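Below: the structure, in structure tokens.
Treat the numbers as computed from the prediction; the structure is a model and nothing was measured. Both backbone and side-chain heavy atoms feed into the values below; hydrogens, waters and symmetry mates do not.
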Amino acid sequence: MKTPEWLKPGLYGVACGAIAVTVIGFNWGGWVTSGTARQIATEQSRIDVVAALTSICVDQSKRDPQLAERVVLLKAASSYERGDIVMKNGWATMPGTSEGNRLVAVACADKVGI
């Protein structure tokens, strides 16, 4: 059986086109693998949960009777100590849990210490 003359260039064109579409799609088209999509979704959900819990932390700080004194200490502390102060005060401990959340404490310290 004799193959048509146009078959070989056609197959090369299909292969080059598939490679070009793949390169363009992953580099500029926004395509990602399932592992990368899962990683992005996990990170975004962590950010959203911290943002939601930070508002609870700020609300708990406003209910603290010693808020004025503690805010003065918070403002005087260095940036890496502020999360510890919020955790020590119990503001980052969410209802139903026994320990504070470090990421929530740091975000809360930024909002309370303003």
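Side-chain atoms of T97 do not come within 3.5 Å of backbone N or O of T93 as any donor-acceptor pair. The main-chain N or O of A109 is never found under 3.5 Å from a side-chain atom of R82 such that the two would form a donor-acceptor pair.
Few gaps surround CD on E81; more than 12 heavy atoms of other groups in view lie less than 6.0 Å from it. Heavy-atom neighbours of E69 CD from other residues, nucleotides or ligands within 6.0 Å: above the threshold of 12.
Rounding to the nearest 0.5 Å places CG of D48 at 10.0 Å from CD of E43. Atoms CZ and NZ, from R70 and K88 in turn, are 7.5 Å apart once rounded to the nearest 0.5 Å. For the atom pair CD1 of I56 and CG of D59, the computed distance is 8.0 Å after rounding to the nearest 0.5 Å. Atom OG of S61 sits about 5.5 Å away from atom CG of L67, to the nearest 0.5 Å. How far CG of L73 is from CD of Q66: 10.0 Å, rounded to the nearest 0.5 Å. How far CG of D84 is from OG of S78: 9.0 Å, rounded to the nearest 0.5 Å.
Nearest heavy-atom pair, G100 versus M87, reported as atom, atom and distance to 0.1 Å: O-CE, 3.5 Å. Heavy-atom minimum distance, V32 versus A37: CG2-CB, 4.0 Å. What you find for V50 and T54 is that their closest heavy atoms are O-OG1, 2.5 Å. For the pair F26 and W31, the tightest heavy-atom approach, listed with the atom from each and the gap, is CD2-O, 3.5 Å.
Checked by atom type, the side-chain pair D64/Q60 shows no donor-acceptor distance below 3.5 Å. Defined by atom type and a distance below 3.5 Å, a donor-acceptor pair is present between the side-chain atoms of T33 and T36.
The shortest side-chain heavy-atom distance between V104 and M94 falls under the 4.5 Å cut-off.
Remark: of the listed residues I85, N89, D110, I85 is the sole one forming a side-chain contact (heavy atoms from CB on, under 4.5 Å) with L74.
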Working for side-chain contact (heavy atoms from CB on, under 4.5 Å), residues V86 and V112: CA-CA 9 Å; V86 170; V112 173; 5.9 Å; no
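Cluster annotation: W6 and L11 are assigned to the same hydrophobic cluster (Ile/Leu/Val/Met/Phe/Trp/Tyr, side-chain heavy-atom contacts under 4.5 Å, transitive).
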